[in-house]
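Presented below is the structure to which this report refers.
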Amino acid sequence: YSVCWSPDGTGGTFLLRAGELVVLDRPCLVPIDIDFSLQPACLSDATTSEVTSLVHAEGCLPRCFSDFTPSLTLLRCNYGVLEPDSWECLRTCLRTPYVNNGLGHEFCVGLIHGKRCDLNCPAGTLPSGWLYCDRGTWFHKSTLPDKVLFGVPRCFRSCDATRACGVEGSALQHGDACSV
């Protein structure tokens, strides 16, 4: 993968009679334009030292400001090409999510991008789904149709409609129907 040149600049084969041959690779430059990244933006995976460039096969551990998480855990230098060539610093969810009829959700604060937070519902109620952190914002992943939730995460009680519907109505969930 390397070409050796003679002292006069011509190419060809050579014989090393004494000393040591050192082949210098093309370095990979660590990006400097990553929003919300520390500078330098990488630590060497071999030495854990801050680096601005890498040698062949050396890895880079991306670094972000506090309250941000790198979208990748490792980049690697491959013959002068950083693979992958970039990453993002993704915002952590720092606000307490609101859950209608839910108990406190302070334990969700600080979860990193892509992580899930289960709804904390009182005894006798059911969660409408769960929350997930996406770039610093909570989103609700519903297990029920949105039309019955009005787009709001909630804890709800089942209805006991046994008198009207018989056994079929013993635990109707919000939005369900039974034949009378």
Side-chain angles (χ1 to χ4, degrees), residues 30-46 48 50-51 54 59-78 82-180:
V30 172
I32 58 172
D33 58 349
I34 306 294
D35 290 339
F36 309 110
S37 70
L38 296 171
Q39 292 301 320
C42 272
L43 297 178
S44 165
D45 71 336
T48 65
E50 296 176 346
V51 290
L54 306 166
C60 158
L61 305 168
R63 304 185 323 149
C64 297
F65 291 158
S66 63
D67 301 331
F68 288 83
T69 305
S71 59
L72 300 169
T73 56
L74 181 71
L75 295 88
R76 190 154 308 277
C77 182
N78 188 16
L82 190 61
E83 296 175 344
D85 63 352
S86 191
W87 73 92
E88 291 180 88
C89 288
L90 303 169
R91 189 177 301 275
T92 300
C93 284
L94 298 176
R95 295 178 52 194
T96 303
Y98 173 75
V99 177
N100 193 11
N101 299 324
L103 300 174
H105 285 81
E106 292 77 14
F107 60 92
C108 297
V109 174
L111 287 180
I112 63 173
H113 170 79
K115 294 296 181 184
R116 170 180 167 159
C117 181
D118 291 321
L119 299 189
N120 186 18
C121 292
T125 65
L126 299 171
S128 61
W130 63 87
L131 302 167
Y132 65 95
C133 179
D134 187 357
R135 291 171 164 63
T137 302
W138 290 112
F139 286 90
H140 181 230
K141 178 65 177 166
S142 175
T143 54
L144 296 172
D146 278 338
K147 68 180 182 178
V148 300
L149 297 174
F150 308 104
V152 177
R154 62 184 67 232
C155 298
F156 58 92
R157 294 191 187 284
S158 297
C159 298
D160 185 357
T162 310
R163 293 180 86 189
C165 304
V167 176
E168 178 187 354
S170 64
L172 292 177
Q173 293 183 1
H174 182 73
D176 283 350
C178 69
S179 44
V180 197

* Inter-residue atom distance E83.CD - S86.OG, 0.5 Å rounding -> 13.5 Å
* Heavy-atom pair with the smallest gap, counting every atom of P127 and C121 -> CA-SG, 3.6 Å
* Structure fact -> Value for CG (D134) from NZ (K141), rounded to nearest 0.5 Å, stands at 12.5 Å
* Asked: Between P122 and T125, what is the shortest heavy-atom contact and its length?
  -> O-OG1, 2.6 Å
* Asked: Any donor-acceptor pair under 3.5 Å linking the side chain of S44 with the backbone of V51?
  -> no
* **G59 versus R76, closest heavy-atom pair with distance** => N-NH1, 3.4 Å
* Criterion side chain to side chain contact (heavy atoms under 4.5 Å, CB included) on E88 and I34, from CA distance to verdict -> CA-CA 7 Å; E88 291 180 88; I34 306 294; 5.9 Å; no
* Asked: Just wondering, do R63 and P40 contact through their side chains at under 4.5 Å, heavy atoms?
  -> yes
* Please round to the nearest 0.5 Å and tell me the distance separating atom SG of C77 and atom CG of D45. => 11.0 Å
* To do: Verify whether one side chain among H113 and T92 offers a donor that lies under 3.5 Å from an acceptor in the other.
  => no
* Sidechain-backbone polar pair: N101 side chain, C155 backbone, donor-acceptor under 3.5 Å -> yes
* For the residue pair F36 and F65, does the interplanar ring angle fall in the parallel (under 30°), tilted (30 to 60°) or perpendicular (over 60°) class? -> perpendicular
* Structure fact -> All heavy atoms of G129 vs all of L119, minimum pair found to be O-CG, 3.5 Å
* Sorted by first residue and then second, give each ring-ring contact (aromatic ring centres under 6.0 Å, His included) pair with at least one member in residues 118-139; sequence neighbours left out. => Y132-F139
* Asked: Can any side-chain N or O of R116 pair as donor or acceptor with the backbone N or O of L131 at less than 3.5 Å?
  -> no
* **Summary of salt bridge (Lys or Arg N to Asp or Glu O under 4.0 Å) pairs that have at least one residue in residues 89-103, sequence neighbours excluded** => none
* May I ask you to check if the distance between the SG atoms of C89 and C64 is under 2.5 Å? => yes
* Asked: If you round to the nearest 0.5 Å, how far is CG of L90 from CG of D35?
  -> 11.0 Å
* To do: Would you indicate whether the side-chain heavy atoms of L54 and L82 approach each other to under 4.5 Å?
  => yes
* Structure fact -> In this structure, CD of E50 is separated from CG of L38 (nearest 0.5 Å) by 8.5 Å
* Asked: Could you give the distance from CG (L94) to CG (L111), rounded to the nearest 0.5 Å?
  -> 10.0 Å
* Taking C133 and C117, which are both Cys, do their SG atoms fall under 2.5 Å of each other? -> no
* Determine whether P62 and L75 make a side-chain contact, defined as any pair of heavy atoms from C-beta on separated by less than 4.5 Å. => yes
* For the side chain of H105 and the backbone of N120, is there at least one donor-acceptor N/O pair under 3.5 Å apart? -> yes
* Asked: Nearest heavy-atom pair of S128 and P153: which atoms, and what distance?
  -> OG-CA, 3.6 Å
* **Closest approach of V109 to T96 (non-hydrogen atoms, all atoms of both residues)** => CG2-OG1, 3.3 Å
